[in-house]
Every structure is written in C-alpha cells, then in structure tokens.
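Worksheet: the structure to be examined is printed underneath.
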Amino acid sequence: MAHAVLICSGARVPAARLLDHPLLDRLSIITEHGHTARYPDGVAVETVGSVHDVDEVLAAAWRIAGRHPLDGVLAPYEVGLPAAGYVRTVLGLPGPDFTTATLFTNKHAMKQRLAAAGLPLMPFAGAHSDAQVRARAAEFGWPVVVKPAYGGGSKDVAVVADAAELDAWLAGGGSPRPRNPTAVVERRADILVEYHCDGVVHDGAVRSVVTSRYLEPVLGRIGQGDPYGSYQLPSDHPEHRAVAELHAAAVAALGLRSGVTHLEVFGTPDGLRVSEVACRPGGGAIPAAIQLRSGVDLVDACVRTSLGLPPFPDGTPAPARTDARYVGHCGLALRPGTITELSTEAELAALPGVLNVVLHQRVGDRIAGHIYSASAAGFVHVGADTEEEVRERLATVRAAYRIRTRPDGTGQDGTGSDGTGQDGTGQDGTGPESTRPEGPGSESAAPDSTVPDRTAPDTTDPRPPTPDHAAPAAPARPVAEAVAS
C-alpha cells in the first residue's frame with residue numbers, strides 16, 4: 001500500500017475512485033485556498049495560492065512528505081501536471097519528471113520538439129508579447145488559431161479572422177502575462193475530420209492505444225453550443241493505424257517512459273496533422289467509453305504508473321464490457337441558470353443501442369461558472385456494428401436530449417435553438433469541472449463521488465478564497481521561470 005499526493009486546482013472536485021483508490025492506504029491533497037471543504041474529514045489537505053506556482057506546491061509536498069513518506073504524485077488534470085513533474089523531480093518520485101511534464105503541457109515547447117522529430121504539424125510560432133502575437137498572425141495570414149502555451153479544456157483557444165478579433169482576444173485574457181508568458185499562433189487547418197488517440201505507455205513502449213473519431217472537429221465547435229461526441233475505430237481500421245503511428249512517434253519524441261496519453265490529430269486535405277498531446281487521461285466520457293469497449297481503465301493506469309507500477313495489474317487489461325464493434329459517446333449540453341427541465345436517464349437509456357447513461361445534474365440545480373470543453377450535464381454511450389450505425393445512434397441521442405433553464409434573475413425559461421442550450425462536454429471519470437450545481441439539490445448532483453460538493457470557503461486558510469477565474473492572491477512563480485532556473 002502507498003501514500004500519494006494528489007495535485008488539484010480549485011476548479012476540480014476529484015472523484016471517489018481517486019480518493020478511495022485501492023492501491024492507496026493514504027492520500028494527501030494539494031489544492032488552492034478556499035477549497036478544503038470539498039474533501040472528506042479523513043483526507044489531509046494542504047493549500048496553496050495557485051497550483052501554477054511550482055515552488056509553493058513543492059513546499060506543500062515537503063510538508064506532507066515530512067509527516068509521511070511519499071510514494072507518488074497524482075496529476076490526472078492538465079493544470080497540475082507541471083507542478084507534479086517538479087515535485088517528482090525534486091523528491092525523486094516515479095512518473096513523468098519536470099522536463100517531460102513541461103514538454104507535454106507547454107504547447108510551444110511541445111510543438112518544437114514534435115516538429116524537430118519530423119511529425120507533421122500546421123505552421124506555428126511562439127510569441128511573448130502582444131506585438132509578437134500580432135506579427136506572427138500577420139505572417140501566417142488570416143484566419144489563425146491563438147492559444148496560451150499552458151492551459152486545458154479549450155480555455156482561451158480561439159480562431160481569429162482579423163486584427164480586430166485578435167485585439168479582442170488579447171484584451172479578453174489571451175495576452176501573454178507573467179503566469180503564462182507564451183502564446184502560440186498557428187495557421188488554421190482546413191479540418192476535414194478530427195481524431196483523438198488514447199494510450200498507455202510503460203518502460204517507453206506503447207502497451208495500449210485506441211483511436212477515436214470525433215463526430216465533428218472540436219475546434220470549430222468551441223462556444224457553438226453543441227456537445228462533442230466521438231466513436232472508437234476498430235484496430236483493423238486504416239485510420240486507426242495511421243493515427244496510432246503518429247501517437248507512438250509523439251511519445252518517443254517527448255520522452256515519456258510510463259504514463260497515460262491523449263493525442264489530438266487533424267485530418268486535412270494535405271494529410272494528417274498533429275495538434276497536441278497530453279500525459280493524462282482524456283477528458284469527457286472518453287475513459288469510460290474506452291473501458292466499455294477495450295477493458296482499458298485509463299484512470300487506474302494513471303494511478304498505477306504514477307506509483308511506478310505496471311499499468312495493468314495482471315499484465316493485460318481487464319475484459320471488455322461489450323462486444324460492440326463500435327462504441328461511441330456524446331456529452332449532454334449544459335447552459336447557465338437553474339434547470340427547469342431535463343431528460344431522464346430512463347428516457348435516454350431507451351434509445352437504440354444505448355449502453356450507459358450518466359446524468360450529473362437534475363431539475364432544480366443551478367449551473368454557474370465557466371462552461372467549457374469539460375463541462376456536462378452527463379453523457380451517453382452507445383454501441384453499434386457499423387460506423388454508419390454508431391453515428392446514427394449518437395445523432396438520435398443528441399436529437400432526443402432536452403434541457404431547459406431559467407436564466408438567473410428572470411422568471412422565464414431559456415433554451416438554445418435546438419432546445420439544448422450551451423455546450424458542455426462530458427466528465428472524464430476523475431471529477432467535475434468548475435461548472436457545478438449550486439443551491440437546492442447540489443450535493444446529490446456531485447458526479448462519481450460520495451463526497452458532497454461543499455463549496456463554502458475554508459475559514460482556516462491564511463488568505464481569502466480565490467475565485468476560479470481570478471489571479472491568485474499572491475503572485476505565483478511562473479512555470480517558465482522555474483524552467484529557466
């Protein structure tokens with residue numbers, strides 16, 4: 001049995017399967033000020049101003065290790081990966097070290113390394129000031145894709161069509177700043193199809209790889225109000241083979257020895273182009289979908305490799321839970337406000353080919369906060385014998401799903417044009433995002449967890465709570481500064 005520390009931003013509520021993992025007889029948490037009330041009384045919690053501040057996180061880990069020796073660091077979320085790598089490097093713990101974690105999270109460093117290894121990417125450049133962002137965009141020509149070097153959940157990722165839209169993006173939070181000093185500018189791809197590839201790596205070799213095809217490119221749907229969906233390709237599918245080869249090349253180029261990966265790939269008129277790759281489980285309902293069809297538990301493999309163990313307890317994944325040749329999933333849209341009407345699990349489960357339905361919300365829940373690519377009212381998995389059939393069944397789920405909300409401060413219900421409202425994608429099996437229910441019924445709505453989502457500020461913290469969208473109370477040391485030093 002082992003003692004691990006879980007690094008978790010204030011925007012996250014880890015799931016019960018992490019808090020109660022059978023390999024851990026002791027789990028400690030490092031999270032941000034104001035969020036200790038989310039954890040059970042028996043869990044030791046250390047707080048920091050920001051999990052972006054790698055030195056502050058290291059100091060908290062030292063305090064934890066001083067009480068009980070540490071065996072590993074868990075970081076199943078994008079935001080905690082650099083700090084986790086820093087702690088592993090300094091304390092000599094297993095898992096991706098600081099250099100590897102940086103290559104998998106700093107999108108500029110990542111793309112530089114992948115390009116040097118010969119992988120196909122869209123033309124890109126790094127920029128460290130507003131003037132450099134404008135200059136790089138002008139060089140590539142409109143439209144361009146802009147994004148911070150560090151970040152997850154498609155936050156602050158945008159396609160800008162002209163200089164005015166770029167200025168609006170810079171003014172709205174995209175501008176390079178001390179905590180995230182690099183922006184990435186790249187030529188927009190003409191995306192015909194988009195894939196994600198999810199793998200398990202051990203001793204430098206890919207031990208499991210699954211390629212899935214999104215129902216439509218994700219980049220073009222950001223902020224459009226449609227929940228994303230995808231379906232897995234059989235191992236003999238030619239598109240799987242091509243994407244899996246890129247996955248293996250990316251893992252080798254970035255130097256991952258053991259861990260879980262999530263790769264995004266575009267299909268363009270000029271061939272496949274690598275977008276990004278992460279060393280964590282995929283978001284949304286991806287881990288649950290993969291476990292249904294292949295038996296691979298990505299979350300468990302993430303925990304095991306973080307402790308220096310083989311990813312599969314018996315050397316191979318557990319048996320699949322379905323014989324379906326194609327398994328697909330889609331997230332169920334969220335929209336801000338109080339939910340007044342919502343499809344039931346029974347209604348969705350009765351649709352053709354549905355294998356599993358999970359709803360995180362219910363009528364009466366109040367949805368507040370930022371809705372982005374890892375937020376959802378729930379998700380649905382379907383099985384099918386053919387590629388055409390799985391797409392049809394996912395389309396049926398989308399058409400049948402309904403959600404109505406009453407916007408805050410009004411007495412009227414609201415829906416989007418299709419009755420589904422604003423988009424939110426599914427949960428990743430590791431816990432909910434910053435968009436969560438508030439008010440009556442909120443405790444019972446916490447997904448995949450027996451711990452109520454208690455969001456009251458922790459009055460024992462030395463500093464006031466920091467809102468999820470605000471800068472920390474004390475300036476965080478930027479990751480880039482730590483790399484340089």
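Worth knowing before you read on, the calculation uses all heavy atoms, side chains too, and leaves out hydrogens, waters and symmetry mates.
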In this structure, which one of [options] forms a side chain to side chain donor-acceptor pair (under 3.5 Å) with [X]?
X    : options          : answer
T182 : H128, K107, H108 : H128
D300 : R17, H21, Q291   : H21
Y231 : H381, R293, R391 : R391

Identify the two heavy atoms, one from [X] and one from [Y], that lie closest to each other, and give their separation to 0.1 Å.
X    : Y    : result
A75  : L81  : O-CD2, 3.2 Å
V390 : V327 : CG2-C, 4.3 Å
T211 : A244 : OG1-N, 4.1 Å

Side chains of [X] and [Y] in contact at under 4.5 Å (non-hydrogen atoms):
X    : Y    : result
P76  : R280 : no
L27  : L74  : yes
V145 : F124 : no
F104 : V277 : yes
L103 : T100 : no
V51  : E32  : yes
S230 : R213 : no

Under the 3.5 angstrom rule, does the side chain of W169 hit a backbone N or O of D156 as a donor-acceptor pair?
->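 Answer holds: yes.
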Report yes or no: does R335 contribute a side-chain atom to a donor-acceptor pair with the main-chain N or O of R404 at less than 3.5 Å?
->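 No: the side chain of R335 does not pair with the backbone of R404.
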Say whether H3 and D71, considering side chains only, have a donor N or O and an acceptor N or O under 3.5 Å apart.
->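 No, no side-chain donor-acceptor pair sits under 3.5 Å.
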Do H247 and T261 have a side chain donor and acceptor closer than 3.5 Å?
->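 Note: H247 and T261 side chains meet the donor-acceptor criterion.
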Mind checking the [atom1]-[atom2] spacing from [X] to [Y]? Nearest 0.5 Å is all I need.
X    : Y    : atom1 : atom2 : answer
E276 : F266 : CD    : CZ    : 7.5 Å
L256 : T305 : CG    : OG1   : 8.0 Å
R393 : C330 : CZ    : SG    : 13.5 Å

Does the pair R325/D236 count as a salt bridge with the N-to-O cut at 4.0 Å?
->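 Result for this pair is yes, salt bridge flagged.
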Is the shortest side-chain N to carboxylate O distance from E245 to R241 below 4.0 Å?
->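 Judged by the 4.0 Å cut-off on N to carboxylate O distance, E245 and R241 do not form a salt bridge.
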